Amino acid sequence: MKIEEKLTAAVVSGLKALYGQDVPAKDVQLQKTKKEFEGHLTLVVFPFLRMSRKGPEQTAQEIGAYLVANEPAVAAFNVIKGFLNLTVAPAAWIELLDDIHAQELYGLTPATPQSPLVMIEYSSPNTNKPLHLGHVRNNLLGNALAKIIAANGNKVVKTNIVNDRGIHICKSMLAWLKYGNGETPESSGKKGDHLIGDYYVAFDKHYKAEVAELMEKGMTKEEAEAESPLMKEAREMLVKWEAGDPEVRALWKKMNDWVYAGFDETYKMMGVSFDKIYYESETYLEGKKKVLEGLDKGLFYRKEDGSVWADLTGEGLDHKLLLRSDGTSVYMTQDIGTAEQRFADYPIDKMIYVVGNEQNYHFQVLSILLDRLGFEWGKSLVHFSYGMVELPEGKMKSREGTVVDADDLMAEMIATARETSGDLGKLDGLTPEEAEDIARIVGLGALKYFILKVDARKNMTFNPKESIDFNGNTGPFIQYTYARIRSVLRKAQEAGIQLPERLPEGISLSTKEEGLVQMLADFAAVVRQAGTDYSPSVIANYCYDLVKEYNQFYHDFSILREENEAVRLFRLVLSAEVAKIVKLGMGLLGIEVPERM
């Protein structure tokens with residue numbers, strides 16, 4: 001049993017014994033004692049004054065005396081105004097560490113057959129370009145969120161919706177037909193997604209040149225854009241695609257397959273996966289059908305030009321277009337179609353969409369529309385809205401080819417980690433394979449941690465150089481501490497020291513050691529908070545704080561050289577548990593930790 005639970009139960013008994021009152025456990029507020037005061041946990045006594053009919057100091061004094069007399073976990077107390085500071089007995093810390101030590105997956109709650117099913121959608125790439133830095137933040141957040149929600153006892157299904165249709169896809173296809181000379185990923189040596197991305201950029205370059213030429217002939221910008229032969233051809237291609245033209249569809253399939261092979265490599269390197277992938281080309285007609293059903297039921301209305309709309313003024317919003325006058329669907333329609341398919345595939349209890357904050361309004365509307373159409377989870381859908389990610393140099397644009405590709409970024413991070421680790425001597429004595437694996441673990445760990453430690457709602461600047469630093473709030477700092485602990489434990493094993501299942505009694509602990517046990521115990525509450533708040537950054541920053549505390553302990557105390565055998569065993573178990581919790585915490589963020597470094 002956790003110390004907080006034990007003390008809460010003792011306070012409840014004390015209030016009954018002292019004042020004859022039954023108090024629910026939730027009314028007992030225990031918090032960590034502030035650093036400037038003596039004690040570990042502080043009880044707020046103000047809520048109990050009406051039952052004691054005494055002043056705050058006297059009430060605190062009486063409760064404190066009762067706890068010291070009746071609860072062995074309380075060694076001493078002191079009263080500061082209406083706050084009762086409790087000092088936890090060393091034996092209680094040892095017992096708590098034994099409990100954590102006994103649970104391999106301390107802090108994580110496994111799902112049961114009765115657990116709710118949470119579906120998480122993330123990634124959502126377009127098949128006209130490779131994944132970029134913005135997708136990296138999306139994928140890492142979605143992947144971490146899935147792990148955290150599963151660690152809170154839910155069943156989780158990870159899904160991806162691929163934007164594989166529309167005018168932007170036709171632009172890449174047309175450019176490849178016109179300027180590609182039959183180039184393939186094999187003939188060019190490029191990944192398929194990069195190859196197609198190059199043609200998307202090529203389309204934009206040629207289109208801009210056409211517009212400039214038409215403007216020189218006296219057209220306005222708007223006229224020139226409307227008259228561009230290239231854009232007209234792309235629109236014609238889209239119409240043919242919608243009509244199922246066999247030639248256009250065959251080209252579309254061939255080029256998309258190249259892209260998917262490229263995406264798969266990127267996802268694998270990033271350590272991200274999906275249980276089910278949906279494609280807009282398969283869901284948009286489903287959405288259209290659902291909207292027309294809604295129209296028949298009077299949920300939507302049709303304008304004179306034939307377009308279909310939803311009136312959301314009752315919800316304080318405006319009118320929303322669902323089908324264009326030519327019958328083609330908009331993003332909203334596709335999302336309704338995808339929801340329909342997912343609901344048919346899985347018994348969803350909660351749906352979470354990991355999408356950037358520029359889509360906040362879209363998801364507000366989607367929630368209302370799904371609820372109107374009768375989806376049980378429509379009203380409670382969660383838009384996990386996150387901020388944009390930029391580089392120190394500023395914004396990125398894929399049309400102009402100024403985007404940071406996810407592949408290039410990961411390769412650069414691994415190269416930097418290889419160089420930095422080598423310079424610091426952290427790869428000495430390793431085989432080339434081991435050194436390469438550590439460069440990968442550290443490079444990708446640095447990238448993931450730097451992105452996930454920031455509150456997801458905030459815009460952020462990703463600084464590659466800052467992220468690979470073996471000091472400070474970084475992935476490599478946490479990974480290096482883990483490797484350091486594993487090295488201590490290997491030395492203990494080589495010296496024939498076995499870690500006991502339970503520690504001997506009567507060990508006296510320093511304040512630093514007690515604080516570390518308390519921090520380890522906090523991990524369960526941190527995992528719960530990260531799940532409730534949908535916040536991976538809570539876990540990232542907890543791991544950093546834990547490692548920072550451990551490093552101070554490591555610096556100030558002997559472990560293997562400690563002469564008192566019981567104390568030495570305690571410190572080894574404490575170290576092993578810090579390593580275990582760091583590995584579990586970083587694992588929830590999708591970050592590996594190296595056994596040696």
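Keep in mind that this is a model prediction, so the values were computed, not measured.
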Got a second to check how far L589's CG is from I451's CD1, nearest 0.5 Å? 12.0 Å
Are Y554 and T481 close enough that a side-chain donor and a side-chain acceptor fall under 3.5 Å? no
Rounded to the nearest 0.5 Å, what separation is found between the CZ atom of F523 and the CG atom of L588? 5.0 Å
Is the side chain of Q103 donor-acceptor paired with the backbone N or O of I100 at a distance under 3.5 Å, no angle test? no
Any side-chain donor paired with an acceptor under 3.5 Å for S537 and D455? no
State, with a plain yes or no, whether a side-chain heavy atom of L312 is found less than 4.5 Å away from one of R372. yes
Quiz question: by atom type and distance under 3.5 Å, do the side chains of S380 and K350 form a donor-acceptor pair? no
What about Y122 and Y353, are their ring centers closer than 6.0 Å? no
Within a reach of under 6.0 Å around CD of E358, are more than 12 heavy atoms found that belong to other residues, nucleotides or ligands? yes
In terms of relative ring orientation, are F450 and F462 parallel, tilted or perpendicular, with 30° and 60° separating the classes? perpendicular
Inter-residue atom distance L409.CG - M270.CE, 0.5 Å rounding: 8.5 Å
Could you list the donor-acceptor pairs under 3.5 angstrom formed between side-chain atoms of residues 144-154 and any protein atom two or more places apart in sequence or on another chain?
{"residue": "N152", "atom": "ND2", "partner": "I148", "partner atom": "O", "Å": "2.9"}
{"residue": "N152", "atom": "ND2", "partner": "V527", "partner atom": "O", "Å": "3.0"}
{"residue": "N154", "atom": "ND2", "partner": "I149", "partner atom": "O", "Å": "3.0"}

Compare all side-chain heavy atoms of V88 with those of W93 and state whether any distance is below 4.5 angstrom. yes
Would you say R137's side chain and G387's backbone share a donor-acceptor pair under 3.5 angstrom? yes
Please lay out, stage by stage, how K54 and E62 fare under the test salt bridge (Lys or Arg N to Asp or Glu O under 4.0 Å). CA-CA 10 Å; K54 292 170 187 162; E62 287 178 355; 2.6 Å; yes
Just by distance, do the side chain of S421 and the backbone of A417 share a donor-acceptor pair under 3.5 Å? yes
Got a donor-acceptor contact below 3.5 angstrom from the H40 side chain to the T33 backbone? no
Should the heavy atoms of other residues, nucleotides or ligands under 6.0 Å from NZ of K379 be counted, would the total exceed 12? no
Does any part of the side chain of F343, heavy atoms only, come nearer than 4.5 Å to the side chain of M351, both counted from C-beta? no
If only side-chain N and O atoms count, and only distance matters, is there a donor-acceptor pair under 3.5 Å linking N138 with S124? no
Examine Y480 together with F477 and report whether their ring centres are nearer than 6.0 Å. no
Checking the side chain of N70 only, and the main-chain atoms of Y66 only, is there a donor and an acceptor separated by less than 3.5 Å? yes
Show the numbers, then the answer: is there a side chain to side chain contact (heavy atoms under 4.5 Å, CB included) between M413 and V442? CA-CA 8 Å; M413 293 297 292; V442 172; over 6 Å; no
Quick one, D522 with K32, criterion salt bridge (Lys or Arg N to Asp or Glu O under 4.0 Å). Give me CA distance, side-chain angles, the key distance, then yes/no. CA-CA 11 Å; D522 288 345; K32 277 191 182 173; 2.4 Å; yes
Could you check M119 against R342 for side chain to side chain contact (heavy atoms under 4.5 Å, CB included), going step by step and ending with a plain yes or no? CA-CA 9 Å; M119 182 177 276; R342 286 173 176 160; 3.4 Å; yes
Looking at K6 and E71, is there a salt bridge between them, counting it only when a charged N and a carboxylate O are closer than 4.0 Å? no
Where do E513 and S510 land on the side chain to side chain donor-acceptor pair (under 3.5 Å) test, with the steps shown first? CA-CA 5 Å; E513 288 164 325; S510 66; 3.1 Å; yes
Could you go through the side chain to side chain contact (heavy atoms under 4.5 Å, CB included) check for Y534 and V382 one step at a time? CA-CA 10 Å; Y534 304 121; V382 176; 3.7 Å; yes
Side-chain heavy-atom pair V573, E577 within 4.5 angstrom cut-off: yes
Is a side-chain N or O of K155 found less than 3.5 angstrom from the main chain of V118, in a donor-acceptor match? no
Step by step, would you call E592 with K583 a salt bridge (Lys or Arg N to Asp or Glu O under 4.0 Å)? CA-CA 8 Å; E592 294 174 70; K583 188 173 186 173; over 6 Å; no
Ignoring hydrogens and geometry, is there a side-chain-to-backbone donor-acceptor pair from T8 to E4 under 3.5 Å? yes
Pairing donors with acceptors under 3.5 angstrom, does anything connect the side chains of Q529 and T532? no
State, with a plain yes or no, whether a side-chain heavy atom of I507 is found less than 4.5 Å away from one of L509. yes
Can you confirm whether the side chains of Y267 and N160 place a donor and an acceptor under 3.5 Å from each other? yes
Is it true that atom CD of E595 has more than 12 heavy atoms of other residues, nucleotides or ligands lying nearer than 6.0 Å? yes
Evaluate side chain to side chain donor-acceptor pair (under 3.5 Å) for N139 paired with S123, printing each intermediate quantity in order. CA-CA 5 Å; N139 278 290; S123 201; 3.0 Å; yes
Can you establish whether the number of heavy atoms outside M410 located under 6.0 Å from its atom CE is more than 12? yes
Are any non-hydrogen side-chain atoms of Y449 and N473 less than 4.5 angstrom apart? yes
For atom CZ of R490, decide whether the heavy atoms of other residues, nucleotides or ligands shown that lie under 6.0 angstrom number more than 12. yes
Quick check: do L369 and V365 have side-chain heavy atoms less than 4.5 Å from each other? yes
May I ask you to decide if M388's main-chain N or O and N459's side chain share a donor-acceptor pair within less than 3.5 Å? yes
Sub-3.5 Å donor-acceptor pair from the side chain of S535 to the main-chain atoms of G531, do we have one? no
Residues, nucleotides or ligands: over 12 heavy atoms within 6.0 Å of K34 NZ: no
CD/Q21: more than 12 non-hydrogen atoms of other groups inside 6.0 Å: yes
Under a 4.5 Å cut-off applied to non-hydrogen side-chain atoms, are V582 and Y550 in contact? no
Run the salt bridge (Lys or Arg N to Asp or Glu O under 4.0 Å) test on K512 and E549 for me, step by step, so that the C-alpha distance in whole Å, both residues' side-chain angles and the decisive distance to 0.1 Å come before the verdict. CA-CA 8 Å; K512 178 64 78 184; E549 282 297 307; 3.1 Å; yes
In sequence, state the C-alpha distance, the side-chain angles, and the governing distance for F37 and F83, and then conclude on ring-ring contact (aromatic ring centres under 6.0 Å, His included). CA-CA 11 Å; F37 300 117; F83 298 95; 8.5 Å; no
Report the C-alpha distance between V28 and L43 in whole Å, list the side-chain angles of each, state the deciding distance to 0.1 Å, and finish with yes or no for side chain to side chain contact (heavy atoms under 4.5 Å, CB included). CA-CA 7 Å; V28 177; L43 176 72; 3.6 Å; yes
Do N360 and S385 pair up side chain to side chain, a donor and an acceptor below 3.5 Å, judged on atom types alone? yes
Y386 side chain to N357 backbone, donor-acceptor under 3.5 Å: no
Is it true that, when you exclude Q31 itself, more than 12 heavy atoms of the residues, nucleotides or ligands shown sit nearer than 6.0 Å to its CD? yes
Over-ring placement of K426 relative to F470, 6.0 Å and 45° cut-offs: yes
Measure the spacing between CE of M586 and CD of Q479 and express it to the nearest 0.5 Å. 5.0 Å
